[in-house]
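Note that the structure is predicted; figures quoted are calculated from it, not measured. Numbered from 1 within each chain, the chains take letters A, B, ... in sequence-line order.
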2 protein chains.
Amino acid sequence: MGTPQGPGGLPLAPVAPRPELAPPSPRVGEIVAVAREVLEKEGPAALTMRRLGELLGIRAPSLYKHLAGKTQLEARLVDAALVEIGDLLHGVVDRADAASVLGDLLAAYRAHARAHPNLYRLVTSGPLRRDQLTAGVEDWAGEPFYRATGEPYLAQALWAAAHGTVILELDGRYLPGSDLDRTWAALTAAFRRPVDGA
Amino acid sequence: MGTPQGPGGLPLAPVAPRPELAPPSPRVGEIVAVAREVLEKEGPAALTMRRLGELLGIRAPSLYKHLAGKTQLEARLVDAALVEIGDLLHGVVDRADAASVLGDLLAAYRAHARAHPNLYRLVTSGPLRRDQLTAGVEDWAGEPFYRATGEPYLAQALWAAAHGTVILELDGRYLPGSDLDRTWAALTAAFRRPVDGA
DNA sequence: ACACGGTGGCTAACGGTGTTAGCCGACCCG
DNA sequence: CGGGTCGGCTAACACCGTTAGCCACCGTGT
């Protein structure tokens with residue numbers, strides 16, 4: 001079984017609908033935007049209700065007039081980030097041909113995570129409160145891996161492997177001096193091999 | 001290149017020395033033991049200086065007579081856990097033959113993480129403070145992946161993939177209803193393939 | 001024109017966290 | 001018997017998320 005192909009030898013077309021996020025009130029949108037900036041530029045420890053208030057010219061308790069709590073705020077960030085990464089990866093798969101999908105997909109996944117490490121960590125680590133998220137957004141973000149592999153469990157394994165590889169990179173867990181490009185090449189080769197053969 | 005084999009067709013012998021943890025004072029050992037129990041049985045949120053003091057019949061500030069701080073305590077836990085998992089995985093590789101190493105190794109890794117989810121999370125997530133750890137313990141714990149693959153970067157990729165797959169499992173991140181055994185089978189197959197061929 | 005109600009600020013406060021300072025009793029050793 | 005170290009204690013600090021309650025403003029309906 002090779003890479004799944006739609007008409008013209010292309011990878012599978014998307015099947016999950018692109019989710020539409022509920023548009024937040026202007027003030028909420030502003031808060032979420034500031035929160036994202038704080039998270040990305042100052043790190044997770046700085047993502048504090050008081051810090052957000054400070055940047056918004058407001059006291060921390062006033063934030064609760066707009067948001068139910070910090071976890072809901074984080075859910076908004078996760079929501080938006082999932083759509084963003086879903087768009088990115090779908091676009092990559094759209095543009096790739098059967099021979100290069102896998103490498104392109106992994107490269108894009110890695111690049112995005114490295115460009116937004118704190119956001120990536122927020123999205124992917126710890127238990128996920130699905131009830132706080134927009135329905136379908138998770139499927140949308142993960143689907144490119146299915147489009148690239150054509151088999152749901154291989155897709156999950158690929159996604160999980162990519163996640164593991166990138167999160168360890170972000171956290172600096174590899175042995176010092178490692179050439180991470182080679183690690184990624186080894187990972188890509190492992191998942192490409194079944195495609196070459198058979 | 002197939003699975004690396006030592007004399008008799010076995011996987012590579014260990015090369016990193018098994019690290020010897022500095023024996024803590026009795027009281028420190030007691031604290032670390034209680035901390036581990038709290039972490040595993042009550043979760044990371046309960047791993048609190050005050051909670052530890054309570055269980056030890058002591059006030060939280062008194063803990064600082066024995067430990068430099070919470071991060072050092074966590075480092076002790078990580079240290080011990082790394083040795084433990086290293087022993088486990090080395091033992092698996094010792095007992096396995098070339099055909100089954102990979103599957104056995106991944107199965108053992110997964111089983112250990114699922115048996116101690118909170119400890120596993122502590123060990124593997126977030127930035128690693130190498131200066132707080134016993135030298136060599138990281139190498140020791142990771143080496144079984146090298147022994148099973150014979151190539152350092154393939155070993156890193158395999159470890160990373162295993163980590164990603166298991167951490168998403170622990171955090172309940174896969175789509176509801178997924179048969180995780182199949183995901184693991186897909187992962188194992190991806191890394192076994194290069195061994196079969198060539 | 002006036003009262004009303006919602007919106008979105010505010011302060012004060014609570015219970016929780018890790019951590020520091022400083023006190024002091026007990027114990028061991030010279 | 002004196003002194004030092006060890007290991008407990010209380011008080012306190014700064015910070016966290018969060019709640020309660022107050023109030024000014026502003027748009028709307030009568």
Side-chain angles (χ1 to χ4, degrees), chain A residues 22-79 118-119 121-122 125-129 131-133, chain B residues 22-79 118-119 121-122 125-129 131-133:
Chain A
S25 81
R27 195 56 164 153
V28 170
E30 203 175 350
I31 295 173
V32 173
V34 169
R36 170 153 176 174
E37 201 170 317
V38 169
L39 174 63
E40 296 213 31
K41 296 188 179 161
E42 306 179 23
L47 187 57
T48 280
M49 301 307 262
R50 286 171 174 85
R51 174 71 181 137
L52 291 181
E54 186 182 344
L55 291 175
L56 288 158
I58 263 181
R59 300 308 176 91
S62 301
L63 292 168
Y64 290 80
K65 299 290 181 171
H66 305 277
L67 293 160
K70 197 189 180 186
T71 72
Q72 184 179 99
L73 172 60
E74 292 172 337
R76 298 291 179 107
L77 289 172
V78 171
D79 236 10
N118 291 317
L119 188 62
R121 259 185 283 254
L122 178 69
S125 56
L128 184 64
R129 301 183 221 293
D131 50 331
Q132 307 245 32
L133 260 49
Chain B
S25 80
R27 194 55 164 157
V28 170
E30 203 176 351
I31 295 174
V32 172
V34 169
R36 171 153 178 177
E37 201 170 319
V38 168
L39 174 64
E40 297 213 32
K41 297 190 178 160
E42 307 179 24
L47 188 57
T48 282
M49 302 305 263
R50 285 171 176 84
R51 174 71 181 136
L52 291 182
E54 186 181 345
L55 291 175
L56 288 158
I58 262 180
R59 300 309 177 92
S62 301
L63 291 168
Y64 289 80
K65 299 291 180 170
H66 306 277
L67 293 159
K70 196 187 181 186
T71 71
Q72 184 180 100
L73 173 60
E74 292 171 338
R76 299 291 180 108
L77 289 173
V78 170
D79 235 10
N118 291 318
L119 187 63
R121 260 185 281 254
L122 178 68
S125 55
L128 184 64
R129 300 182 228 293
D131 50 332
Q132 307 245 32
L133 260 50

Heavy atoms only, 4.0 Å cut-off, all strands: where does Leu47(A) land among base, sugar-phosphate and nothing? sugar-phosphate

Rounding to an integer number of Å, can you tell me how far Glu74(B) CD sits from dT19(C) P? 9 Å

For Leu63(A) and dT7(C), give me the distance from atom CG to atom P, rounded to whole Å. 17 Å

What is the nucleic acid contact for Arg27(B), judged by heavy atoms within less than 4.0 Å: base, sugar-phosphate only, or nothing? sugar-phosphate

Between Ala60(B) and Arg50(A), just flag the one whose closest nucleotide in DNA chain C comes earlier from the 5' side. Arg50(A)

Examine dT10(D): is either OP1 or OP2 under 4.0 Å from a nitrogen or oxygen in the side chain of Arg59(B)? Give yes or no. yes

Would you indicate, yes or no, if dG8(C) has its OP1 or OP2 atom less than 4.0 angstrom from a side-chain nitrogen or oxygen of Ser62(A)? no

Does a side-chain N or O from His66(A) land closer than 4.0 Å to OP1 or OP2 of dG9(C), or not? yes

Distance in angstrom units between Leu67(B) CG and dG7(D) P, rounded: 12 Å

For a 4.5 angstrom cut-off between non-hydrogen side-chain atoms, does Leu56(B) reach Leu63(B)? yes

Tell me if the CD atom of Glu37(B) is crowded by more than 12 foreign heavy atoms within 6.0 Å. no

Taking side chain as C-beta onward, heavy atoms only, is Arg27(B) less than 4.5 Å from Ile58(B)? yes

Residue met sooner reading DNA chain D from 5', once Pro61(A) and Thr48(A) are mapped to nucleotides: Thr48(A)

Do Leu55(B) and Arg51(B) have side-chain heavy atoms sitting under 4.5 Å apart? yes

Nearest whole angstrom, please: distance from the P of dG17(D) to the CD of Glu54(A). 13 Å

Within this structure, what is the NE2-CD1 distance for the pair His66(A) and Ile31(A), rounded to the nearest 0.5 Å? 5.0 Å

Measure from the side-chain heavy atoms of Tyr64(B) and tell me the nearest of dG17(D), dT20(C), dT17(C). dT20(C)

It should be established whether Lys70(B) places a side-chain nitrogen or oxygen under 4.0 Å from OP1 or OP2 of nucleotide dG18(C). yes

Whole-Å gap separating P (dC6(D)) and CD1 (Ile58(B)): 16 Å

In whole angstroms, how far is the C1' atom of dT18(D) from the CG atom of Leu52(A)? 14 Å

Side chain of Lys65(B): nearest nucleotide among dC10(C), dT17(C), dG7(D)? dG7(D)

Nearest whole angstrom, please: distance from the C1' of dT7(C) to the CD of Glu30(A). 15 Å

